[in-house]
Amino acid sequence: MVDTNCGVVYQGPGEVTVEDLDFPKLELAEQNGRRLQHGVILKVLATNICGSDQHMVRGRTTAPAGLTLGHEITGEVIETGRDVEFIKNGDLVSVPFNIACGRCRNCKERHTGVCENVNRERPGAAYGYVDMGGWHGGQARYAVVPYADFNLLKFPADRDTVMAKLPDLAMLSDILPTGYHGAYTAGVTTGSTVYVAGAGPVGLACATACLLLGAAVVIVGDMNEQRLAQARGFGCETIDLSQHADVGEQIEQILGVPEVDAAVDCVGFEARGHGPNGGEQPAVVLNTLMDITRAAGRVGVPGLYVTGDPGASDENARVGQLGLKLGLGWAKSESLTTGQCPVMSYNRQLMMAILHDRVHVARNVNATVIPLDQAPQGYAEFDRGAARKYVLDPHGLVGAAA
Ligand SMILES: NC(=O)c1ccc[n+]([C@@H]2O[C@H](COP(=O)([O-])OP(=O)(O)OC[C@H]3O[C@@H](n4cnc5c(N)ncnc54)[C@H](O)[C@@H]3O)[C@@H](O)[C@H]2O)c1
Ligand SMILES: [Zn+2]
Ligand SMILES: [Zn+2]
């Protein structure tokens, strides 16, 4: 019996709706002029709302109205294309948000965030995202995953275990690997002191990853007190940036020195200035991190920076050109790692850490399961700064398992 499909559609700044969508078909189906024999159809079990979606929904990107949203997908394979050899119907899988062909130079080097073959405009693609190749979004009941043998991570556990851990496993499609990538590329290891800018889901996932990597002290900065309380709830120190403009001074109060070994930007280009009167300042996080990271230290930058921002407050920022204090970072021999997280480099190990109870990311980010048709409310509450990571449950199965 063929079910019907529906999903979340961007209607314009501040508005998303849930609309009927075509049921995906593999036979003869095309996306991006590409036949999908290497793809599968998933029944979507969980699909999360992300801060990256909010940049689009706030009208801060060039996303066109009508775009189907959603790049954080976990599901069950219900149909496999002719060229899919190893993934089978019934497999429960996590989908890396990056779409990658597995055949190009970058994929071979595991830079799957910048695959050369899946986006005509630039390297790198994702489901349901502006400038990311035009692939359909996954905040839906059903979704198509291309190059399925390469992209999918199959859970090596029975259905009951997977369903019980689904709120954690759902974070493998993006924020846990992304937070981990930020920490890892910043050099976080046993005994590190770390500053994480941003206590949204990515910042909280990054703080979780820092602790998993053995950091001695993780300091999280944000101006959202509820989100900072969430960070304190699992052992982080916090800095309330609505009260304190000088991050170095606050770090000194905690560590005795005004600097850290490693720092991670989990905010991106919509960053707000520090202190009681801070308006939007797109370079403030990058400049702060270069300032408070030790000489020769590393800075991870998962926070998103765009090439076009129609809502920017100045002409330069409209084209993604920011007032960076690069001289400061250069003088300190610091390194910065930017870009989409190559999810596949981390998701298997993080899955094992979840399955064996070494990491509790759903608890730390306050994963909150809601039905798909409540997605518009989820977007609105998340936009108001709720200390939650919303997990859409299109078939009512996650809620039932919990
Ligand atoms: N690189 C990747 O692969 C990747 C993947 C997922 C998300 N992202 C990006 O990561 C960023 C965070 O995602 P999220 O879902 O947590 O978003 P979010 O919007 O929920 O969280 C951002 C947080 O930053 C805080 N903030 C604003 N200015 C700040 C400042 N100057 N210092 C510290 N905190 C500040 C906000 O109050 C908010 O709590 C977004 O830019 C998102 O697009 C990147
Ligand atoms: Zn995301
Ligand atoms: Zn590729």
Side-chain angles (χ1 to χ4, degrees), residues 3 40-50 70-78 86-97 127 138-143 145 148 151-180 201-202 204-209 211-213 230-231 233-235 343-344 346-375 378 381-382 386-402:
D3 196 358
V40 300
I41 297 176
L42 291 188
K43 175 175 176 177
V44 177
L45 298 178
T47 173
N48 323 322
I49 301 175
C50 182
H71 58 270
E72 302 191 6
I73 308 166
T74 311
E76 175 180 358
V77 177
I78 58 164
F86 306 111
I87 290 286
K88 303 286 179 229
N89 286 351
D91 286 353
L92 301 176
V93 294
S94 176
V95 186
F97 77 87
Y127 306 86
Q139 284 166 7
R141 285 171 67 78
Y142 296 92
V145 174
N151 283 308
L152 291 176
L153 175 69
K154 180 182 165 182
F155 299 132
D158 61 74
R159 195 181 186 91
D160 288 349
T161 305
V162 170
M163 290 314 292
K165 291 199 179 284
L166 206 56
D168 287 283
L169 295 170
M171 304 306 157
L172 290 171
S173 58
D174 184 347
I175 65 166
L176 186 56
T178 295
Y180 191 94
V202 172
L204 295 173
C206 179
T208 302
L211 294 172
L212 191 61
L213 285 161
Q230 188 66 29
F234 62 95
V343 168
M344 204 181 284
Y346 308 101
N347 62 358
R348 181 176 301 277
Q349 295 92 316
L350 292 168
M351 168 185 76
M352 295 313 286
I354 288 172
L355 290 174
H356 293 278
D357 287 324
R358 299 289 169 195
V359 66
H360 299 282
V361 63
R363 177 197 71 192
N364 291 3
V365 303
N366 197 14
T368 302
V369 179
I370 60 173
L372 179 65
D373 59 16
Q374 284 176 23
E381 286 168 26
F382 188 43
R388 295 176 183 280
K389 172 74 175 175
Y390 288 96
V391 177
L392 304 174
D393 179 9
H395 296 272
L397 295 169
V398 191

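- The salt bridge (charged side-chain N to carboxylate O under 4.0 Å, His left out) check on Lys154 picks up Asp91, with sequence neighbours excluded.
- The side chain to side chain donor-acceptor pair (under 3.5 Å) search around Asn48 returns Glu72, not counting sequence neighbours.
- The two residues Lys165 and Leu355 make their nearest non-hydrogen contact at CE-O, 3.7 Å.
- Closest approach of Ser173 and Ser94 over heavy atoms only: N-OG, 3.7 Å.
- In this structure, Arg388 CZ and Gln230 CD are separated by 9.0 Å, a value rounded to the nearest 0.5 Å.
- Gln374 is linked by a side chain to side chain donor-acceptor pair (under 3.5 Å) to nothing, counting only residues two or more places apart in sequence or in another chain.
- Between Asn89 and Val40 there is no side-chain heavy-atom pair separated by less than 4.5 Å.
- A heavy-atom distance below 4.5 Å is not found between the side chains of Leu153 and Pro96.
- Judged purely by distance below 3.5 Å, without hydrogens or angles, the side chains of Gln349 and Tyr180 never pair a donor atom with an acceptor atom.
- Taken from CD1 in Ile73 to CG in Leu45, the straight-line distance is 11.5 Å, to the nearest 0.5 Å.
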What's the verdict on side-chain contact (heavy atoms from CB on, under 4.5 Å) for Leu211 and Asn364, showing C-alpha distance, side-chain angles and the deciding distance? CA-CA 12 Å; Leu211 294 172; Asn364 291 3; 5.7 Å; no
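- Counting only distance, with no hydrogens or angles, the side chain of Thr208 and the backbone of Val361 share no donor-acceptor pair below 3.5 Å.
- Considering only heavy atoms from C-beta on, Glu381 comes within 4.5 Å of Tyr390 through its side chain.
- Distance OG1/Thr74 to CG/Asp174: 10.5 Å, rounded to 0.5 Å.
- Between Gln139 and Ile49 the shortest heavy-atom distance is NE2-CA, 3.8 Å.
- Here His395 contributes atom NE2 and Tyr142 contributes atom OH; the two are 4.5 Å apart, rounded to the nearest 0.5 Å.
- Leu212 CG to Cys206 SG: the interatomic distance, rounded to the nearest 0.5 Å, is 11.5 Å.
- Using a 4.5 Å heavy-atom threshold, the side chains of Leu392 and Ile370 count as touching.
- Across every non-hydrogen atom of Val343 and Pro177, the tightest pair is CG1-CG, 3.9 Å.
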Show your reasoning for whether side-chain contact (heavy atoms from CB on, under 4.5 Å) applies to His71 and Val95. CA-CA 8 Å; His71 58 270; Val95 186; over 6 Å; no
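- The side-chain heavy atoms of Val359 and Leu350, taken from C-beta on, include no pair separated by under 4.5 Å.
- In this structure, the side chain of Asp168 engages the main chain of Ala362 through a donor-acceptor pair within 3.5 Å.
- Expressed to the nearest 0.5 Å, how far CE of Met352 lies from CG of Asn347 amounts to 12.0 Å.
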Dump the intermediate steps for side-chain contact (heavy atoms from CB on, under 4.5 Å) on Leu42 and Val77, then the final yes or no. CA-CA 5 Å; Leu42 291 188; Val77 177; 3.6 Å; yes
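- Between Ala143 and Gly138, the closest heavy-atom pair is CB-CA, 4.2 Å.
- Looking at Leu204 and Phe234, their side chains come closer than 4.5 Å, going by heavy atoms from C-beta outward.
- A heavy-atom distance below 4.5 Å is found between the side chains of Met171 and Val391.
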What verdict does the side-chain contact (heavy atoms from CB on, under 4.5 Å) test give for Val162 and Glu76, after you've listed the backbone C-alpha separation in whole Å, the side-chain angles of each residue and the deciding distance to 0.1 Å? CA-CA 11 Å; Val162 170; Glu76 175 180 358; over 6 Å; no
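- For Ala148 against Ile87, the heavy-atom pair with the smallest separation is O-CG1, 4.0 Å.
- A 4.5 Å side-chain heavy-atom check between Lys389 and Cys50 finds at least one atom pair inside the cut-off.
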